[in-house]
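The block underneath contains the structure these notes are about, expressed in structure tokens.
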Amino acid sequence: MATLAGRLEALTLRALEQIVGDSEGLSAQIAPTRDEKHGDYQCNAALGLARRLGRNPRELSGELAQAMLALDETGLLRTAEVAGPGFLNLRVREEALKAALKGIGDPVRSAGRRVVVDYSSPNIAKQMHVGHLRSSIIGDAICRILEHLGHEVKRQNHVGDWGTQFGLLCAWLLDRGVEDSRVDLGDLEALYREAQALAERDEAFRERSRERVVALHQGDQPTRETWRRIVGTSLEHIGEVYERLGLSLTLADTRGESFYNPMLAGVVEELQVRFPAGSRPMEVVEDQGAVCVFLYDEEGQPRFKNAQGEPQPLLVRKSDGAFLYPTTDLAALRYRVRDLEADWLIYVTDSRQALHFQMFFQTAREAGWVGESLLEHVTFGTVLGPDGKPLKTRSGENVKLAELLGEAVERADRLVEDNESDPARKRGFSADEKRDIAEAVGIGAVKYADLSQNRSSDYVFSFDRMLAMEGNTAPYLMYAYARIRSIQRRAGELPHEPALTLEEAHERRLAMHLARLDETLDQVVSGWRLNLLCEYLYGLAGLFMKFYENCPVLGAPTPEQRASRLDLCEKAARVLKVGLELLGIRVVERM
RNA sequence: GCGCCCAUAGCUCAGCGGAUAGAGCAACUGCCUUCUAAGCAGUGGGUCGGAGGUUCGAGUCCUCCUGGGCGCGCCA
């Protein structure tokens, strides 16, 4: 079932075609009205087209209205009225609105693509910190939305398990012969700091670390064994954080950098053979011992320049022979297109990596490794502290994700306790319920605060704001849901196939908003503007609250209205639940 | 130097070229003997950083400027 906006657009285009006699360059310009006085949707097509045709906009708009009403066999429109300079205000028929609400919130059936979403990507041997928060939350929401829209999603957690830091760690552990003892993550971090400090003052240790990297990459048994243990310990910790965050990402989705190690030499070699020095628009040359990819535009000018104004290369092999991040990315891309047969690749990383992705994408395209796949780099800004600088602890360290989530839940728990100690608000929750609510509210608040921001800007992290029960926050939305569920519990049996009666303005507004879920999702996907879904849900919760205040459900004037309102409640609950779940946020039945 | 991002109410932020620029917080005023007051209703608060331009129409697009963040050869 197409969305109301989609159907209106199709109808408008048919009408325009009839008027103009040509479909070239026509645009329906359908948008929801900002003010309901203007109807449900507006069509702004006549305004622009009038000039092109040398006609009066209001007159053209009137003709468009007539044509649309005449062509409207499905009974979509109640009215189409010209307003202002030539706007066309459209009002949807009651029956069409009710039909649009059928199955609202159900997964969309579409010819899906196979999408690889690369997100989260923490480093092994370090605790997850606030720097991993946005990629994890945003990437997970993207996966859920894609699946809801009928796409097949392959999650890929490209963890850093292969870099130089493992040389340090392995060298340190093997030097001290601690390979048999169990090392937990807290130890690992301390060890890493010690190893780093040692490397700075001890040339011999530095050398041993470098040798360990080589040994690791060459498959040396004891080194591999130590490495595996480090990785295992870290993944355990990462899995715990994911579980608490409620991510749909699992250990099975982990394909660390090490996975691509056997492919790296081949990637570089192929590039070198196929794009020797002098090739355009891409050449691969050795410079100061490093293998560099240089990219050029159609005019043969360098696409990228460095700070000195010289051509900026993508480095795929260091002068010491080791491979780099771009090399792994290229290998991973090839694997995802060839082996995972993905035709859409999405990378979720902070915006600082934008240049890297431009170069890496361009290299992959020039090499012909992308095929027909879409490449998308979804970026986001930095999480800031109250001082407007990247969020750190007082001692200047990265804020641990586990601690941040713990504090969010703790604060939510205090809120629940406060309410329970107030006789007017007490609900009589059991200890288990309280814990569950605190967990859902605390974690949900953190995720929602992130997703409701415009992705590209930095944002200031604040427990107080995200846990506020009013405003555009997760608790507010969850509360709206809990209120509906409370009504439903009191209602007893819910009506089967009730007929909606949308006589009250509050009822109709709520219904119209509910019907706009799918078109909102369409907008969300174009540009991954996840905050639009948040805004939609906030609007929905607000409309429900107003409906709640003005339209008694259980005490409705007639049995028909009671049934209708119960059905509206059910649909609102469903959309709130589905919408929040698409964002990776869990609802609770009571709060 | 080049490139990317940002600048909107006192604060935190929305705003796909369309009608009077919106929320929340903070301030003030009402509403719990009626389905969860973690709520609702209302009041005040704006040279959309500046200057040009494109357009029937610009917070939104283009150019320049100012101020801030980030990135730019062997980290990832």
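Below, read A as the first sequence line, B as the second, and so on, with proteins coming before strands; counting in each chain starts at 1.
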### Task
Scan A/Glu417, A/Glu439, A/Glu420 and name whichever one has a salt bridge (charged side-chain N to carboxylate O under 4.0 Å, His left out) with A/Lys434.
A/Glu417

Would you say [X] reaches [N]'s phosphate, i.e. side-chain N/O to OP1/OP2 under 4.0 Å?
X: A/Tyr476; N: B/rC40; result: yes
X: A/Ser462; N: B/rU12; result: no
X: A/Lys37; N: B/rU20; result: no
X: A/Arg465; N: B/rG24; result: no
X: A/Arg34; N: B/rA19; result: yes
X: A/Lys305; N: B/rC72; result: no

#### Entry: Nearest-Å distance once atom P is located in both B/rG15 and B/rA23
15 Å

### Query
What interatomic distance, in whole Å, is found between C1' of B/rC11 and the corresponding atom of B/rG3?
32 Å

Just to be sure I understand the rule, does [X] reach a base, reach only the sugar-phosphate, or reach nothing, if contact means heavy atoms closer than 4.0 Å?
X: A/Glu257; value: sugar-phosphate
X: A/Asn89; value: base
X: A/Glu310; value: nothing
X: A/Pro85; value: nothing
X: A/Asn454; value: sugar-phosphate
X: A/Leu315; value: base
X: A/Asn419; value: base
X: A/Cys292; value: base
X: A/Cys43; value: nothing
X: A/Leu554; value: base
X: A/Ala424; value: nothing
X: A/Ser319; value: base
X: A/Phe304; value: nothing
X: A/Ala354; value: nothing

### Task
State, to 0.1 Å, how close A/Met263 and A/Ala331 come at their nearest heavy-atom pair, and which atoms those are.
CB-CB, 4.1 Å

### Message
With hydrogens left out and only the distance checked, is there a donor-acceptor pair under 3.5 Å joining A/Asn44's side chain and the base of B/rG17?
### Response
no

Looking at [Y], is its backbone amide N or carbonyl O close enough to the side chain of [X] to form a donor-acceptor pair, meaning the two atoms are under 3.5 Å apart?
X: A/Gln523; Y: A/Thr520; answer: no
X: A/Thr379; Y: A/Ser351; answer: no
X: A/Thr327; Y: A/Leu324; answer: yes
X: A/Arg490; Y: A/Arg485; answer: no

#### Entry: is_close_aromatic(A/Tyr260, A/His158), centroid dist under 6.0 Å
yes

## Note on the structure
The correct list of stems in which RNA chain B takes part (3 or more consecutive Watson-Crick or G-U pairs, distances under 3.5 Å) is B:1-7 with B:66-72, B:10-13 with B:22-25, B:27-31 with B:39-43, B:49-53 with B:61-65

### Task
Measure from NZ or CZ of A/Arg590 to the centre of the six-membered ring of A/Tyr481, then state whether that distance is under 6.0 Å and the direction lies within 45° of the axis.
no

### Residue met sooner reading RNA chain B from 5', once A/Phe547 and A/Gly163 are mapped to nucleotides
A/Phe547

### Task
With RNA chain B as reference, determine whether A/Asp320 or A/Tyr459 sits nearer its 5' end, using the nearest nucleotide of each.
A/Tyr459

### Length of the line joining A/Leu295:CG and B/rG3:C1', which is rounded to integer Å
15 Å

### Summary
Among B/rG39, B/rG18, B/rC35, the one nearest any side-chain atom of A/Gln42 is B/rG18

### Query
With A/His356, which residues qualify under ring-ring contact (aromatic ring centres under 6.0 Å, His included), at least two apart?
A/Tyr325, A/Phe360

